[in-house]
Amino acid sequence: MDQSQIDLLRAAPIAPRGLFIDGVERSAADGATLDVISPIDGRAFTTIARGTADDMKAAVAAARAAYEDRRWSGQPPAARKKVLHRWADLIEAEALALAVLGVRDNGTEISMALKAEPLSAAATIRYYAEAIDKVYGEVAPTSDDVLALVHREPVGVVGAIVPWNFPLMIGAWKLGPALAAGNSVVLKPAETASLSLLRLAGLAHEAGLPPGVLNIVTGQGSVVGEALGLSMDVDVLTFTGSGPVGRRLLEYSARSNLKRVYLELGGKSPHIVFADAPDLDRAARVAAMGIFRNSGQVCVAGSRLLVEEDIHDDFAAAVARHAAAMRVGDPLDITTEMGAVNSAVQLDQDLAYVETARAEGGEVVTGGGRILEETGGYYMAPTVITRVTPEATLAQEEVFGPVLAVTSFRDEADAMRIANSTAYGLAGGVWTSNLSRAHRMIRGIRTGVVHVNTYGGADMTVPLGGVGQSGNGHDKSLHALNKFTDLKTAWIQL
Ligand code: NAD
């Protein structure tokens with residue numbers, strides 16, 4: 001990464017962006033726009049279209065038409081694969097520009113954004129491009145006088161609604177498998193992270209994706225998101241975001257055509273450190289990184305640190321030292337370790353959680369407040385709060401900010417009980433040298449992923465999803481193809 005290149009890109013003016021429907025960029029039906037405010041300095045630097053319910057209808061109609069005439073689904077998998085690889089090539093060729101554009105919009109530190117956003121999106125698209133001509137249907141083991149085939153078909157029109165923390169990465173987790181399988185897609189980005197996804201769609205068309213197969217409708221969740229959720233012509237809805245919006249999507253489905261709804265929701269993930277951890281210094285560093293990267297705006301963030309009581313004080317102090325030493329600031333500086341909080345609203349919410357934690361007996365050992373206010377941007381000091389009881393608000397509710405709750409535990413059973421004491425079940429981590437204990441914890445912790453002696457590692461080969469109120473669907477891996485395909489049985493009498 002070259003700082004001078006980044007500085008050139010950050011200075012480039014960004015033209016107002018429209019909706020991307022049927023391969024064409026256009027304004028909202030009523031011409032309305034939303035200002036795009038950079039969390040780096042709190043200033044508006046361009047606009048996006050504020051779509052209407054009619055715009056969403058037009059996008060769904062374009063997607064439906066593209067699906068019905070089979071301009072994409074009718075192409076052989078090997079042909080779709082070629083287009084998807086070309087798309088990934090184009091994304092890689094402009095990775096830095098895409099990353100900088102995204103950071104101006106959402107505030108993630110560039111050192112993380114480059115890998116986690118365009119490069120990860122390209123890798124995801126390649127993974128499903130490669131997979132799609134290697135996934136076969138089935139011949140069922142019936143009696144001799146019958147041939148029963150199980151075909152795997154695209155579902156039709158997929159609606160995707162994504163959040164602002166990693167728009168390209170999470171967008172690609174939906175687009176990769178949905179498009180590879182032959183569906184058409186209408187994607188609704190978050191209000192505060194639309195720009196890089198609009199560019200991604202433009203590149204898809206440059207790569208040869210036919211018009212109408214991928215449509216992007218920007219605007220308010222309560223307007224265009226709702227219209228997508230209520231559409232009678234969307235077959236599957238795939239969502240990443242908060243629990244309250246996830247609930248609404250289930251209601252929309254019930255009130256419309258019973259479309260399948262896949263929810264990837266929040267978390268309050270326990271990161272558990274036993275006194276017999278193999279390397280407590282490393283564990284402390286990883287615990288800090290496990291919550292503070294991208295300002296804690298990571299669904300799998302290890303936001304609850306559970307520490308065995310014998311080592312609690314020293315370990316919490318070590319994590320606090322790492323937190324206090326982090327370089328927080330301009331997310332487009334390559335040396336920055338933690339960038340800006342996404343929006344003023346999110347920052348206020350993060351700060352309010354700190355006050356609630358204090359009122360409930362928590363002790364703020366480092367951070368706790370807004371910093372760099374003179375920049376106009378939304379920055380918060382990495383915050384570590386100890387003496388958080390398992391029942392406290394900070395232990396139960398997702399902050400989605402740079403705030404770590406630390407709680408001590410007595411023994412393995414106590415750790416397990418506390419780990420499983422929230423409504424969430426997304427991720428978890430355990431540090432121990434005891435192999436049997438590690439496996440007992442893996443079995444006992446009710447989450448979609450458990451890390452052992454590390455935190456946060458993953459790649460495309462493994463699924464990501466939660467249990468409980470963290471959701472019901474899995475992104476990534478071959479399993480994700482199941483969300484975007486239907487099974488059809490052919491029963492043939494011989
Ligand atoms: P959010 O739920 O506020 O918004 C997500 C998306 O839903 C946005 O595009 C928004 O415009 C849209 N939306 C809002 N209201 C809507 C409505 N009434 N109908 C339809 N769509 C609507 O979430 P956010 O603040 O953008 O993202 C943060 C949340 O996402 C956190 O809870 C985080 O844990 C979660 N998340 C989960 C994962 C995962 O894989 N499980 C990954 C990243 C983020």
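Residue numbers count from 1 along this sequence. Scope of the values below: all heavy atoms of this structure, side chains included, with no hydrogens, waters or symmetry mates. Values in this document were obtained by computation on a predicted structure and should not be read as measured data. First listed ligand is number 1; within each ligand, the first listed atom is number 1.
Both the backbone and the side chain of W164 come within 4.0 Å of ligand 1, judged by heavy-atom distances. No part of V298 comes within 4.0 Å of ligand 1, judged by heavy-atom distances.
Remark: the backbone N or O of A49 is paired with a side-chain donor or acceptor of T218 at under 3.5 angstrom. Of the possible polar contacts, none joining the E398 side chain to the K268 backbone as a donor-acceptor pair under 3.5 Å is found. Within the 3.5 Å criterion, the main-chain N or O of N165 finds a donor-acceptor partner in the side chain of N106. Side-chain N or O atoms of S477 include one that pairs as donor or acceptor with a backbone N or O of H479 at under 3.5 Å.
Of all protein heavy atoms, the one closest to atom 5 (C) of ligand 1 is F239 CE1, 3.8 Å. Looking only at heavy atoms of the protein, atom 3 (O) of ligand 1 is closest to S242 OG, 3.8 Å. G221 O, 3.3 Å is the protein heavy atom nearest to atom 17 (C) of ligand 1. Distance from atom 34 (O) of ligand 1 to its nearest protein heavy atom, with residue and atom name: E398 OE2, 2.6 Å. G241 O, 3.2 Å is the protein heavy atom nearest to atom 35 (C) of ligand 1. Closest to atom 43 (C) of ligand 1 among all protein heavy atoms lies N165 ND2, 3.2 Å. The nearest heavy-atom contact from the protein to atom 12 (C) of ligand 1 is I161 CG2, 3.6 Å. Protein heavy atom closest to atom 28 (C) of ligand 1, with residue, atom name and distance, is F400 CE2, 3.4 Å.
Which parts of ligand 1 touch E191 is read off a 4.0 Å heavy-atom cut-off, strictly below it: atoms 10 (C), 11 (O). The distance from ligand 1 to the heavy atoms of T240 drops below 4.0 Å at these ligand atoms: 5 (C), 36 (N), 37 (C), 38 (C), 39 (C), 40 (O), 42 (C), 43 (C), 44 (C). Below 4.0 Å from some heavy atom of I170 lie the following atoms of ligand 1, by number and element: 42 (C), 43 (C). Atom numbering of ligand 1 starts at 1 in the shown order; those under 4.0 Å from a heavy atom of G266 are 32 (O), 34 (O). Each of the atoms 9 (O) of ligand 1 lies under 4.0 Å from some heavy atom of P189. Of all the atoms in ligand 1, the ones that sit under 4.0 Å from a non-hydrogen atom of V162 are 6 (C), 8 (C), 9 (O).
Aromatic rings of F292 and H322 (six-membered ring for Trp) have centroids beyond the 6.0 Å cut-off, not under it. You'll find the ring centres of F166 and W173 outside the 6.0 Å limit.
Side chains of T52 and D54: no donor on one and acceptor on the other come within 3.5 Å.
Partner of R260 under the side-chain hydrogen bond (donor to acceptor under 3.5 Å, both in side chains) criterion, out of T238, D235, D486: D486 alone.
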Before giving the answer on salt bridge (charged side-chain N to carboxylate O under 4.0 Å, His left out), spell out for K483 and D475 the whole-Å C-alpha distance, their side-chain angles and the decisive distance to 0.1 Å.
CA-CA 9 Å; K483 298 196 290 192; D475 282 323; 2.9 Å; yes
Candidate pair E251 and R248, rule salt bridge (charged side-chain N to carboxylate O under 4.0 Å, His left out), full reasoning
CA-CA 5 Å; E251 285 172 20; R248 279 177 189 255; over 6 Å; no
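Looking at Y252 next to ligand 1, an N or O pair under 3.5 Å apart turns up. Inclusion of L265 in the set of residues having an N or O under 3.5 Å from an N or O of ligand 1 is warranted. Residue R248 has no nitrogen or oxygen atom sitting less than 3.5 Å from a nitrogen or oxygen atom of ligand 1, judged on distance alone.
Remark: distances from the non-hydrogen atoms of L249 to ligand 1 include one below 4.0 Å. Under the 4.0 angstrom criterion for non-hydrogen atoms, F166 is not in contact with ligand 1.
By the salt bridge (Lys or Arg N to Asp or Glu O under 4.0 Å) test, R387 pairs with E363, sequence neighbours left out.
Sorted by first and then second residue, the ring pair (Phe, Tyr, Trp, His ring centres under 6.0 Å) pairs with a member in residues 28-57 form an empty list; sequence neighbours excluded.
Of the candidates C299, G471, G243, the one placing a heavy atom closest to atom 40 (O) of ligand 1 is C299.
The two atoms that bring V328 and M380 nearest to each other are CG1-O, 4.0 Å, heavy atoms only.
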